[in-house]
There are 2 protein chains.
Amino acid sequence: MKSNITMKDIADKLGVSSVTVSKALNDKEGVSDTLKLKIKKVAGEMGYRFNSAAKSIKDGLSYNIGVMIPQRFTGLRESFYLQVYQQIAIQLDHYGYFGILNILSSEDEEQLNFPRVYSENKVDGIIILGQVSKKYIETVQNMELPKLFLDFYDEHAAIDSIVTDNFYGAYEITNYLIQCGHRDIAFVGNIYSTSSIQDRFLGYYKSLLEHGMALNERLLLNDRDEHGAYIDIELPEQMPTAFVCNCDQVAYIFGERLNNMGYRVPDDCSIVGFDNDVYATLANPPLTTVEVDIEQMARSAVKAIMDKVSNPHRRIGRMLVQGKIIYRNSVKTLHTEPAE
Amino acid sequence: MKSNITMKDIADKLGVSSVTVSKALNDKEGVSDTLKLKIKKVAGEMGYRFNSAAKSIKDGLSYNIGVMIPQRFTGLRESFYLQVYQQIAIQLDHYGYFGILNILSSEDEEQLNFPRVYSENKVDGIIILGQVSKKYIETVQNMELPKLFLDFYDEHAAIDSIVTDNFYGAYEITNYLIQCGHRDIAFVGNIYSTSSIQDRFLGYYKSLLEHGMALNERLLLNDRDEHGAYIDIELPEQMPTAFVCNCDQVAYIFGERLNNMGYRVPDDCSIVGFDNDVYATLANPPLTTVEVDIEQMARSAVKAIMDKVSNPHRRIGRMLVQGKIIYRNSVKTLHTEPAE
DNA sequence: CTGAAAGCGCTTACAG
DNA sequence: CTGAAAGCGCTTACAG
């Protein structure tokens, strides 16, 4: 198995030099077309396979990108980041690159250990997929390697990141509810919990502001405690006509709860979610929601990291990827809003 | 960025040779402990990072394993194989290896193209995760590389594979229903659809046989057409007391249907699933099911492929990974079966 | 158009 | 205990 065919073998067989074989196989100048063709033919016949390690050592490039996901986002029921990773792998392929997955264990995160992909020079760049601790962000900063934060950002660190436009997505879907005639719209979510939820809330709030609608305590429904564990959602005395839930899973749970309480969705009240994950289609009725564009996020992330590999000084800043509204049946049109 | 520190740099700084540095950093014999320590210290200070490409070229080993997943198993709502891949990556880490994900596009599968990880010598072995076409199996066979089929097997090909023990899992969970006093147990699934479903059916059938229970047409409920699309499940005239569903998703759908028809689970009839995926916990009541042991599958797969990397002639044949029953609330105990 | 020489960073004998 | 030499497979100048 270790008896791999090398360029030298092809060269010997043809009585040429390995330099010529290299040029021919790489379609470089300096070989006659006849010879080039012959070399390629023989290479195919001999089952020649390119040794990328040899090229790597010459170029100082591994042609791999590391994707690091913190362990705590990798539960058996969570697959969002794996989906993103998959799309990244597909996009990397277009550049002749490969993706190496690196689950960041909680110990390594605490002890601020460099990932093995870095200390073994296995990758030309690294995408950190999912929020890591402040301390670990510093560790990442110390890595001499192009790096990119995906799906989160750091307020202080001048680092490149790509995130979903939570703010705009929530803004848009709230606008949609208002267009459908809703005037009493609540937000469901703990706005102190994560920055995504906070941003989604602010998008919702902007929509309210723009339409001259007041926000008050009554319209803020908490969905989880400080540990992120879901709690029973308390309804206000007077029912709003619509609810902007911070994510599909919460919308799903909330919908079930409304059902049990005798409210019908969307007849008695409308619900929208965010993410467009399994819960959006599992809900009854299926949810109108904001789809996070995983493919686009991966595409942008890969483009950004490849840019940085070829030009390490390249800065991209904080980049937003827009989602899009998926219309389903969880929203009732009360009356159509006249054009403003 | 390309100005990486090499062993030579450390050697020069210390006035020794790079051979000595190599020995020291690799904890090999032939360097005094004092020097060894000093070298390690300086290496740390200089931020030395090992160049694995150089080692690769010497050893003829990439220290990567490719994991190939056919595109059609990578839908937005399917994450099972990604979960397996993730576990594989974690297991590979224990061996100092990395996992490279390779989504096999439908075109490549049809045109019988070798994966790029292979033609570029990027991996020391490859795990094919998920059923590929007969033709493509042949293509895989032609790859001169340790390879392993995961979660499917080929009847003809003398190839190494690791699969969940569908047969035994279904056998066990059917036994459990019988222990709970059920005597009229149906199987829900198209037994001509996939080999997993067929094997699960046969496990169910074995349990019936062992308990002297007859199988007849009435107890076989089809759940999908020849294209794999779900169809409405037709209930027999006389209701069985329990249903062995071929997977959790079908159990979930079937449960909803029973609910709508006025049957209560588990009071009116019991249901069990298979897989222990999201649907198992989403179902109401949550499903008793057979958990597919993803971690164990990954562990076995990685061990097998690593064995084959060090010894290419190693054969492991067809290896089964046992699942385990997860007890929840979808089964009613009719009366306890006395010990046989 | 073709090839000899040197080098990428490391390791493996082998010599001292 | 330490190091000079050779080599892994390829590519990049450079010479002919």
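Proteins get letters first, then strands, A, B, ... in listed order; numbering begins at 1 in each.
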Rounded distance in Å - [atom1] ([X]) to [atom2] ([N]):
X: Leu25(B); N: dT2(D); atom1: CG; atom2: C1'; answer: 16 Å
X: Asp59(B); N: dT12(C); atom1: CG; atom2: C1'; answer: 10 Å
X: Glu29(A); N: dT11(D); atom1: CD; atom2: C1'; answer: 16 Å
X: Asn26(B); N: dT12(C); atom1: CG; atom2: P; answer: 8 Å
X: Asn121(B); N: dC8(D); atom1: CG; atom2: C1'; answer: 13 Å
X: Ile39(B); N: dC10(C); atom1: CD1; atom2: C1'; answer: 15 Å
X: Asp9(B); N: dG9(C); atom1: CG; atom2: C1'; answer: 10 Å
X: Lys8(B); N: dA5(D); atom1: NZ; atom2: P; answer: 13 Å

Have a look at Asp160(A) and tell me which of Arg314(A), Lys308(A), Lys147(A) forms a salt bridge (Lys or Arg N to Asp or Glu O under 4.0 Å) with it.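 Result for salt bridge (Lys or Arg N to Asp or Glu O under 4.0 Å) with Asp160(A): Lys308(A).
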Counting heavy atoms from C-beta on, name the nucleotide in [options] closest to the side chain of [X].
X: Met7(A); options: dT2(D), dC1(C), dT11(D); result: dT11(D)
X: Ile57(B); options: dT11(D), dT11(C), dG9(C); result: dG9(C)
X: Asn51(A); options: dG9(D), dG3(D), dG7(D); result: dG9(D)
X: Val19(A); options: dG7(D), dT2(C), dA5(C); result: dA5(C)
X: Ser22(A); options: dA4(C), dT11(D), dC8(D); result: dT11(D)
X: Lys58(A); options: dT2(D), dC8(D), dC8(C); result: dC8(C)

Please give me the minimum heavy-atom distance between Glu120(A) and Ser52(B), naming the atom from each residue.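 That closest heavy-atom pairing would be O-OG, 2.9 Å.
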Please determine whether a side-chain nitrogen of the Lys or Arg among [X] and [Y] lies less than 4.0 Å from a carboxylate oxygen of the Asp or Glu.
X: Asp307(B); Y: Arg315(B); result: no
X: Glu109(A); Y: Arg72(A); result: yes
X: Glu45(A); Y: Lys41(A); result: yes

Both distances under 3.5 Å, Watson-Crick or G-U wobble: on that basis, could you give the dot-bracket string for DNA chain D, with [ ] for crossing pairs and | for other-strand partners? |||.||||||||.|||
Tell me if the centroids of the rings in Tyr95(A) and Tyr63(A) come within less than 6.0 Å of each other.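 For Tyr95(A) and Tyr63(A), the ring centres are not under 6.0 Å apart.
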Side-chain N or O of [X] less than 4.0 angstrom from OP1 or OP2 on [N]?
X: Thr20(A); N: dG3(C); result: yes
X: Ser18(B); N: dC10(C); result: no
X: Ser17(A); N: dG3(C); result: yes

So, does Ser105(B) use its side chain to make a donor-acceptor pair with the main chain of Asp108(B) at under 3.5 Å?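 Between the backbone of Asp108(B) and the side chain of Ser105(B) there is a qualifying donor-acceptor contact (under 3.5 Å).
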Looking for any heavy atom pair under 4.0 Å, which part of the strands does Lys55(A) touch: base, sugar-phosphate only, or nothing?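 Counting heavy atoms under 4.0 Å across all strands, no contact is made by Lys55(A).
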Would you mind classifying the nucleic acid contact of Lys28(B) as base, sugar-phosphate or nothing, using non-hydrogen atoms under 4.0 angstrom?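 Touches sugar-phosphate only.
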Among residues two or more places apart or on two chains, list those pairs meeting salt bridge (Lys or Arg N to Asp or Glu O under 4.0 Å) that have a residue in residues 11-24 of chain A.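 Listed by first then second residue: Lys8(A)-Asp12(A).
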Toward the 5' end of DNA chain C, by each residue's nearest nucleotide, Lys23(B) or Ala54(B):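 Per heavy-atom nearest nucleotide, the more 5' residue is Ala54(B).
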More 5' along DNA chain D: Gly15(B) or Tyr48(A), using each one's nearest nucleotide?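 Its nucleotide being nearer the 5' end, the pick is Gly15(B).
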